[in-house]
Amino acid sequence: MAAQDMTFHTDKGILAARLKAVLPPRCLLVDEEDLRPYECDGLTAYRALPAAVCLPETEEQVRDVLRVCRRLQVPVVARGAGTGLSGGAMPHSEGVVLSLARFNRILRIDANARLAVVQPGVRNLAVSEAAAPYGLYYAPDPSSQIACTLGGNVAENSGGVHCLKYGLTVHNILRLRAITIEGEILEIGSEAPDSPGYDLLALLIGSEGMLAVVTEVTLKLTPKPELAQVVMASFDDIGKAGEAVAAIIAAGIIPAGLEMMDKPATAAVEPFVQAGYDLEAEAILLCESDGTPEEVAEEIARVRAVLEKSGARDLKVSGSEAERLRFWAGRKAAFPAVGRITPDYYCMDGTIPRRRLAEMLQAIAGMERKYGLRCANVFHAGDGNLHPLIMYNAAQPGEWERAEAFGAEILELSVALGGSITGEHGVGVEKIGQMCVQYSTPELETFHRVKAAFDEAGLLNPGKAIPSLHRCAEYGRMHVHGGELKFPDLERF
Amino acid sequence: MQLDDLAARVREAAETGTALRFRGGGSKDFYGGLLAGEVFDVSGYRGIVAYEPTELFITARCGTPLAEIDAALAEKGQMLAFEPPHFGPATVGGCVAAGLSGPRRQQAGAVRDFVLGVKLIDGAGQVLDFGGQVMKNVAGYDVSRFLAGSLGTLGLLAEVTLKVLPRPMAEASLIFETAQPQAIEMLNRWGGRPLPISASFWHDGRLTVRLSGAQAAVAAAREKMGGEWLLAADAFWQQIREQRHEAFAGEVLWRLALPSAAACLDLPTALAVEWGGAQRWLATDADAETVREAARQAGGHAVLFRAPESLRCREGAFAPLAPALLALHQRLKKVFDPKGIFNPGRLYAEL
């Protein structure tokens with residue numbers, strides 16, 4: 001992982017005094033016991049105690065906090081619900097956590113224009129709940145959707161199980177209102193289909209809080225399909241399951257969801273949720289179709305035919321909404337289920353061209369032996385996004401380091417196979433080293449210059465997402481021994 | 001033509017401070033602001049580099065004609081779902097740089113929604129790769145998507161990777177005789193329901209709507225919506241996509257991008273309405289200020305899409321940016337093109 005940038009030295013007394021001048025007491029935390037809950041996000045292995053936590057309630061307060069930090073040269077880490085899995089919201093020990101949790105109002109739902117205007121602290125699922133009376137919903141559905149916020153979704157360009165058909169966050173955002181570190185308000189995008197000038201929405205979405213702080217989001221709402229049905233297929237060979245996925249796409253079908261789980265994953269979830277998974281199978285595939293009843297019937301028939309031809313050993317089609325949800329329950333509960341059978345797990349997020357899946361899984365099996373750790377795999381098969389869950393015990397000396405090295409090797413292989421180190425969780429602090437593998441020096445320099453065009457002083461979320469060239473030089477040296485570190489118990493920076 | 005040659009030419013231009021004007025097929029020379037700089041014809045850098053139908057992507061060099069890409073995709077039953085116009089000999093590089101989408105945009109999304117990766121030659125002549133060939137990739141800023149529609153002002157898109165989609169199983173088009181306000185109302189009402197509407201076009205009292213999807217879905221939607229059946233629908237939509245329909249004639253043509261439900265503007269009535277109400281075309285000699293202000297009031301913007309060069313240069317092809325955004329654009333331009341040699345003035349006089 002990344003060491004924190006040590007170029008910042010914050011006088012915490014002065015900082016607290018300046019923040020007190022712009023925030024009411026209920027909006028500012030500076031005592032250690034109050035700061036403790038903010039020391040990490042969903043990636044709990046990386047922690048730092050911030051100098052202060054601000055919980056502004058108005059845009060003016062956000063702007064004032066940013067101006068204070070700008071003046072004092074204090075790092076700012078914006079935070080939503082803190083469910084992120086890459087440490088993107090991990091605090092800076094010399095900095096401020098800017099929590100948008102109190103920006104939790106849905107400002108407007110326009111059913112006719114099919115859009116919602118929300119504050120960044122609104123939970124993802126809350127939008128769909130509020131839109132439901134109009135027959136509409138917000139399509140991107142990351143697995144943390146009951147808790148994660150739209151601001152966080154924008155920062156990470158979150159996906160979900162339905163993004164093959166309905167797109168990522170970047171495909172479902174119409175407009176952002178954001179404040180730069182200089183306190184300047186940017187209106188980006190609109191309710192029209194496009195805006196003049198450069199596509200700044202594309203740049204901001206997925207920028208991991210590095211460019212600006214979002215204070216308002218306009219989302220596209222989608223008509224709710226009348227019906228959804230899911231086919232569950234099991235395979236005695238993981239390669240065959242991968243080929244079945246390719247065959248579905250080749251048949252001209254874009255399913256609403258297309259997910260795969262391997263045997264260790266189904267073994268972990270079945271006792272937990274009783275989804276009815278075939279525990280003998282090497283892989284199971286869930287393929288969802290949605291639309292009008294006629295459309296679903298037609299598509300399910302075609303999917304069935306393809307899967308049978310692809311050598312599925314068993315096929316089940318959900319006969320009711322309850323059964324559909326049960327089939328999905330296992331996939332959706334995969335992370336907590338794995339959490340039950342191991343003291344700790346480490347979730348990876350690489351993407352690979354789908355046709356390289358069997359190769360990747362074989363390599364992961366080899367890595368399990370190499371690092372002496374088990375791994376279960378869940379896979380957004382439709383879009384090639386693999387989530388290996390590496391099981392370890394943090395209480396055992398050296399196990400976390402082995403898990404981390406295991407994960408790093410998976411990510412580097414993802415790049416080598418033509419994919420990416422992260423499909424939807426973001427780089428954060430976690431994958432900052434592997435960024436050096438995915439991008440060349442001139443590409444990283446370009447990223448740094450883009451960052452500087454928004455935030456010249458480098459105060460927004462420093463040390464995240466884009467590695468310094470110095471760090472890459474160190475990362476390269478560290479990897480001289482083929483990914484195995486000489487002193488696994490030593491702290492690495 | 002080799003990638004190295006392209007990069008060398010850019011480096012040379014950067015050294016001598018020579019402005020370059022990228023040109024693929026030249027099909028969109030009419031579009032945008034000033035055409036300045038030495039013509040840098042990149043049409044020779046062409047060819048499909050990779051196409052994996054089951055991975056849903058195609059990678060092609062910038063000079064590859066769109067027609068060649070369409071043909072390759074059609075062979076596998078796939079398409080560029082944003083239906084970019086060809087306007088004759090368009091190339092894939094120009095298609096992404098101009099960022100123009102066709103009728104299916106209302107259902108499938110715009111060019112930028114389908115950009116997965118680019119190989120960019122920046123203002124220093126460096127070859128940079130952003131994005132890739134996978135659907136999901138959130139490592140680093142999404143520079144490749146950001147470049148869509150930048151009109152070559154940030155660099156040469158030497159190679160692009162686009163997401164492709166299967167062609168719909170079935171399509172049918174319906175006609176409704178209706179005035180413009182009612183057409184806009186109908187389109188928004190339908191838009192809120194799970195109907196497979198993939199294109200819409202209103203002109204002169206007649207609304208045409210295309211349905212695309214599974215056979216059963218198209219049949220069921222036809223039943224629900226009514227209307228008259230349009231024969232030779234493919235040719236009709238081709239006409240719209242390529243702007244050969246009479247609605248696009250005329251010397252001065254404005255494109256208005258608006259919230260789909262925006263009421264008819266207080267301007268000479270729009271000639272044509274597309275994208276469920278979100279794209280409207282206007283032929284008017286009203287002054288630019290008036291048109292732009294009306295579009296802005298309605299929550300959108302107006303592009304002087306086709307007009308004599310003198311008019312586009314005087315009024316600007318695109319709506320002016322707010323000062324904070326313009327300053328940001330200038331900083332971003334400097335990131336990619338510090339010497340300001342790429343297509344100067346094509347997007348904004350200041351860039």
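The shown structure was predicted, so the numbers you read here are calculated from the model rather than taken from an experiment. First the proteins, then the strands, lettered A, B, ... as listed; each starts at 1. Values reported hereafter were calculated over all heavy atoms of this structure, with side chains retained and with hydrogens, waters and symmetry mates removed.
Between V134(B) and G419(A), the shortest heavy-atom contact is CG1-CA, 4.1 Å. Heavy-atom minimum distance, L186(A) versus A324(B): CD2-CB, 4.1 Å. Of all heavy-atom pairs between P196(A) and Y348(B), the closest is CB-OH, 3.2 Å. Shown here for G192(B) and L136(A), the closest heavy-atom pair between the two residues is O-CD2, 3.8 Å.
Ranked by heavy-atom pairs under 4.5 Å with chain B, the first of R449(A), R302(A), E208(A), R354(A) is R354(A). Considering only heavy-atom pairs separated by less than 4.5 Å from chain B, the leading option among H448(A), K431(A), E295(A), H425(A) is E295(A). Top candidate by heavy-atom pairs under 4.5 Å with chain A, chosen from P53(B), P196(B), G191(B), is G191(B). Per-residue counts of heavy-atom pairs under 4.5 Å with chain A were compared for R193(B), Q133(B), Q330(B); the largest is that of R193(B). Of the residues considered (A322(B), G300(B), A278(B)), A278(B) shows the highest number of contacts with chain A, using heavy-atom pairs under 4.5 Å. Among V143(B), L154(B), L147(B), L326(B), the residue making the largest number of heavy-atom pairs under 4.5 Å with chain A is L154(B). Per-residue counts of heavy-atom pairs under 4.5 Å with chain A were compared for H301(B), R145(B), M135(B); the largest is that of H301(B). Note: D129(B) leads D129(B), L325(B), D142(B) in heavy-atom pairs under 4.5 Å with chain A. Considering only heavy-atom pairs separated by less than 4.5 Å from chain B, the leading option among A246(A), G291(A), A111(A) is A246(A). Ranked by heavy-atom pairs under 4.5 Å with chain B, the first of V427(A), L203(A), I253(A) is L203(A). Heavy-atom pairs under 4.5 Å with chain B were tallied for L200(A), T422(A), I249(A); the largest tally goes to T422(A). Chain B forms more heavy-atom pairs under 4.5 Å with one residue of A465(A), G197(A), S190(A), G167(A) than with any other, namely G197(A).
Only the side chain of Q126(B) comes within contact range of chain A, with at least one heavy atom under 4.5 Å from a heavy atom of that chain. Residue contact with chain A, scored on non-hydrogen atoms closer than 4.5 Å, is absent for K334(B). If you measure heavy-atom distances from L211(A) to chain B, the contacts under 4.5 Å come from the side chain alone. Only the backbone of L258(B) comes within less than 4.5 Å of a heavy atom in chain A; its side chain stays farther off. In this structure, chain B has a heavy atom under 4.5 Å from the side chain of T292(A), while its backbone stays farther away. Only the side chain of I188(A) comes within contact range of chain B, with at least one heavy atom under 4.5 Å from a heavy atom of that chain. Only the side chain of R114(A) has a heavy atom closer than 4.5 Å to any heavy atom of chain B. If you measure heavy-atom distances from Q215(B) to chain A, the contacts under 4.5 Å come from both the backbone and the side chain. Looking at L195(B), neither its backbone nor its side chain comes within 4.5 Å of chain A, counting heavy atoms on both sides. Using a 4.5 Å cut-off between heavy atoms, A251(A) touches chain B through its backbone atoms (N, CA, C, O) alone. Using a 4.5 Å cut-off between heavy atoms, L165(B) contacts chain A through its side chain alone, with no backbone atom that close. In this structure, the portions of A257(B) lying under 4.5 Å from any heavy atom of chain A include both its backbone and its side chain. At a 4.5 Å heavy-atom cutoff, the contact between P353(A) and chain B is made by backbone and side-chain atoms alike.
Residues passing the side-chain contact (heavy atoms from CB on, under 4.5 Å) test with E424(A) are D349(A), H380(A), N385(A), H387(A), K136(B), sequence neighbours excluded. Taking K451(A) as the reference, D455(A) meet the salt bridge (Lys or Arg N to Asp or Glu O under 4.0 Å) condition, with sequence neighbours excluded. Among residues two or more places apart in sequence or in another chain, the side-chain contact (heavy atoms from CB on, under 4.5 Å) test is passed with N112(A) by D110(A), N188(B), A261(B).
Between F130(B) and F447(A), the ring centre distance stays below 6.0 Å.
When the heavy atoms of residues 168-184 of chain A are compared with those of chain B, the residues falling under 4.5 Å are L168(A), V170(A), H171(A), E184(A), listed by number.
With respect to D194(A), the side-chain hydrogen bond (donor to acceptor under 3.5 Å, both in side chains) criterion is satisfied by exactly one of Q279(B), R105(B), R255(B): R255(B).
Between E294(A) and K224(B) there is no salt bridge, since no side-chain N of the basic residue sits under 4.0 Å from a carboxylate O of the acidic one.
Other residues, nucleotides and ligands contribute only 12 or fewer heavy atoms inside 6.0 Å of the NZ atom of K224(A). Summarising the local packing, OH of Y134(A) is surrounded by 12 or fewer heavy atoms from other residues, nucleotides or ligands at distances under 6.0 Å. Counting heavy atoms of neighbouring residues, nucleotides and ligands inside a 6.0 Å radius, atom CD of E456(A) does not exceed 12 of them.
Between the side chains of Y198(A) and T153(B), at least one donor-acceptor pair of N or O atoms lies under 3.5 Å.
To the nearest 0.5 Å, atom CG of residue N137(B) and atom CD of residue Q438(A) are 5.0 Å apart. The CZ atom of R356(A) sits 9.5 Å away from the CD atom of E55(B) when rounded to the nearest 0.5 Å.
Not one N or O on the side chain of E226(A) forms a donor-acceptor pair closer than 3.5 Å with the backbone of P194(B). Distance alone, capped at 3.5 Å, places no donor-acceptor pair between the E298(A) side chain and the A214(B) backbone.
Within the 4.5 Å cutoff, side-chain heavy atoms of L332(B) are placed close to those of V450(A). Looking at heavy atoms from C-beta onward, Y141(B) lies out of side-chain contact with T446(A) at the 4.5 angstrom threshold.
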